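Since the structure comes first, as structure tokens, the remarks are kept for the end.
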Amino acid sequence: MKKPTSELISVSYAHPAQKQAAQTFANAHELNCQLLHKAQTELTLNFTEMQIELIDLSNKMNLTVDFIGGSLGHRKKYGGGKGQTIAKAIGIKQGKPIPSVLDATAGLGKDAYVFACLGCSVTLVERSPIVAALVKDAIDRASLNIEFTDILNNGFSLHNTDALKFIQSIDDTEKPDVIYLDPMYPEKKKSASVKKNMQMLQKLLGHDLDTDDVLKAALEKAVKRIVVKRPKGAPVLSINKAPTLNYESKGTRYDVYII
Ligand SMILES: C[S@@+](CC[C@H](N)C(=O)[O-])C[C@H]1O[C@@H](n2cnc3c(N)ncnc32)[C@H](O)[C@@H]1O
């Protein structure tokens with residue numbers, strides 16, 4: 001895990017009114033905290049009156065998570081549905097019960113939100129406190145909106161912890177139907193296909209090189225299905241078991257392990 005380092009990232013606030021919240025977060029994670037215009041680090045987690053945002057000060061990009069507006073809200077209204085490859089990958093089928101999903105590498109919660117829009121109860125696990133803060137802030141804001149009520153009622157809960165620990169501690173009576181893994185994959189440097197948000201996350205998190213262990217733990221838990229998202233052409237995770245099947249969509253492959 002790449003722990004946030006005070007050389008790379010600090011915490012900031014737009015106005016003194018947000019100072020206390022920003023300072024509390026900074027203290028908990030041993031990061032420096034200051035007004036935004038005084039930030040010296042390349043990245044800053046900035047607290048504003050409206051939201052929490054990750055800003056890349058080196059190229060003036062910022063990243064927030066929004067489950068109501070933006071591209072995710074658009075996808076909920078106009079895209080998606082049970083025909084999506086990702087829906088097939090987690091085993092959604094007409095006439096079958098909707099599975100519960102543990103998204104063990106939740107990141108910015110985009111895939112988790114797609115599962116929730118399909119009616120799944122979703123548990124999100126994210127180990128980076130910075131990324132988890134962005135997602136928690138988005139959940140808190142969305143919770144004020146009536147459009148999010150069904151998602152909350154079905155279950156959409158976030159845990160800022162490591163997936164390996166979380167999976168190992170799942171009680172037999174609380175097993176999810178599906179465990180979903182989407183680790184950071186080493187992309188070619190400056191590849192145009194790496195979206196700007198992903199570039200910021202790569203700067204913050206590096207690559208996830210320990211997902212084999214998480215997959216092994218998931219297989220040992222014997223949930224019904226495990227799905228690993230990979231870029232098309234990437235090798236399967238190196239464990240002693242081949243995927244049962246896979247689904248491909250543009251640029252992405254879902255390796256499915258059925259137990
Ligand atoms: C590629 S991103 C996931 C993107 C996500 N599927 C989405 O739709 O936004 C991978 C995320 O998994 C997290 N991660 C990787 N390994 C993890 C682990 N063992 N436990 C918890 N989180 C993990 C990383 O911190 C990163 O935020």
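These numbers come from a predicted model, not from an experiment. Position 1 is the first residue of the sequence, and the numbers go up from there. Both counts, for ligands and for their atoms, begin at 1 and track the order of listing.
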| task | Please lay out, stage by stage, how Thr44 and Asn46 fare under the test side chain to side chain donor-acceptor pair (under 3.5 Å). | result | CA-CA 6 Å; Thr44 184; Asn46 189 42; 5.4 Å; no
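Ranking the protein heavy atoms by distance from atom 25 (O) of ligand 1 puts Glu126 OE2, 2.7 Å first. For atom 12 (O) of ligand 1, the closest heavy atom belonging to the protein is Thr105 CB, 3.1 Å. For atom 8 (O) of ligand 1, the nearest non-hydrogen atom of the protein is Asp111 N, 2.8 Å.
Atom NZ of Lys229 is surrounded by more than 12 heavy atoms from other residues, nucleotides or ligands within 6.0 Å. In the displayed structure, Leu144 atom CG is contacted under 6.0 Å by more than 12 heavy atoms of other residues, nucleotides or ligands.
Here is the list of ligand 1 atoms found below 4.0 Å of a heavy atom in Thr161: 21 (C). Close contacts of ligand 1 with Leu108, meaning ligand atoms under 4.0 Å from a residue heavy atom, involve 9 (O). Listed by number with element, the atoms of ligand 1 under 4.0 angstrom from any heavy atom of Ala106 are 5 (C), 7 (C), 9 (O). Contact atoms of ligand 1 toward Ala104: 20 (N), 21 (C), 22 (N) (distance under 4.0 Å to a heavy atom of the residue). Shown in contact with Gly107 at under 4.0 Å from a heavy atom are these atoms of ligand 1, numbered in order with element: 3 (C), 11 (C), 27 (O).
For the pair Ala163 and ligand 1, the shortest N or O to N or O distance falls below 3.5 Å. Of the polar atoms of Ser128, none of the N or O atoms is found under 3.5 Å from an N or O of ligand 1, judged by distance alone. The distance criterion of under 3.5 Å between nitrogen or oxygen atoms is not met by Tyr180 with respect to ligand 1. Residue-to-ligand polar distances place Asp182 within reach of ligand 1: an N/O pair is separated by less than 3.5 Å.
Between Tyr185 and His207, the ring centre distance reaches or exceeds 6.0 Å.
Listed by first and then second residue, the ring pair (Phe, Tyr, Trp, His ring centres under 6.0 Å) pairs involving residues 217-242 amount to none (not counting sequence neighbours).
Residue contact check for ligand 1: Ala112 places no non-hydrogen atom closer than 4.0 Å to it. For Asp103, the heavy-atom gap to ligand 1 stays at 4.0 angstrom or more.
Looking at Gln34 and Ser10, their side chains do bring a donor and an acceptor atom within 3.5 Å of each other. Using modelled atom types and a 3.5 Å distance limit, the side chains of Tyr254 and Asn246 yield no donor-acceptor pair. Using a 3.5 Å distance cut-off with no hydrogens or angles, the side chains of Asp212 and Ser238 do pair a donor with an acceptor.
Of all the heavy atoms of Leu205, the ones lying under 4.0 Å from any atom of ligand 1 belong exclusively to the side chain. Contacts between Val214 and ligand 1 below 4.0 angstrom, taking non-hydrogen atoms only, involve the side chain exclusively.
A donor-acceptor pair under 3.5 Å links the side-chain atoms of Thr105 to the main chain of Asp182, judged by distance alone.
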Identify every side-chain donor-acceptor pair in residues 91-100 under 3.5 Å, counting partners at least two apart or on other chains, and give the distances.
from: Ser100; atom 1: OG; to: Asp177; atom 2: N; distance (Å): 3.0
from: Ser100; atom 1: OG; to: Asp177; atom 2: OD2; distance (Å): 3.3

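Tyr113 and Phe148 have parallel rings, their planes meeting at less than 30° on a 0 to 90° scale where 60° marks the start of perpendicular.
For atom 22 (N) of ligand 1, the nearest non-hydrogen atom from the set Lys165, Arg127, Met184, His207 belongs to Arg127. Remark: among candidates Asp208, Asp162, Val125, Asp210, the nearest residue to atom 15 (C) of ligand 1 is Asp208, based on non-hydrogen atoms.
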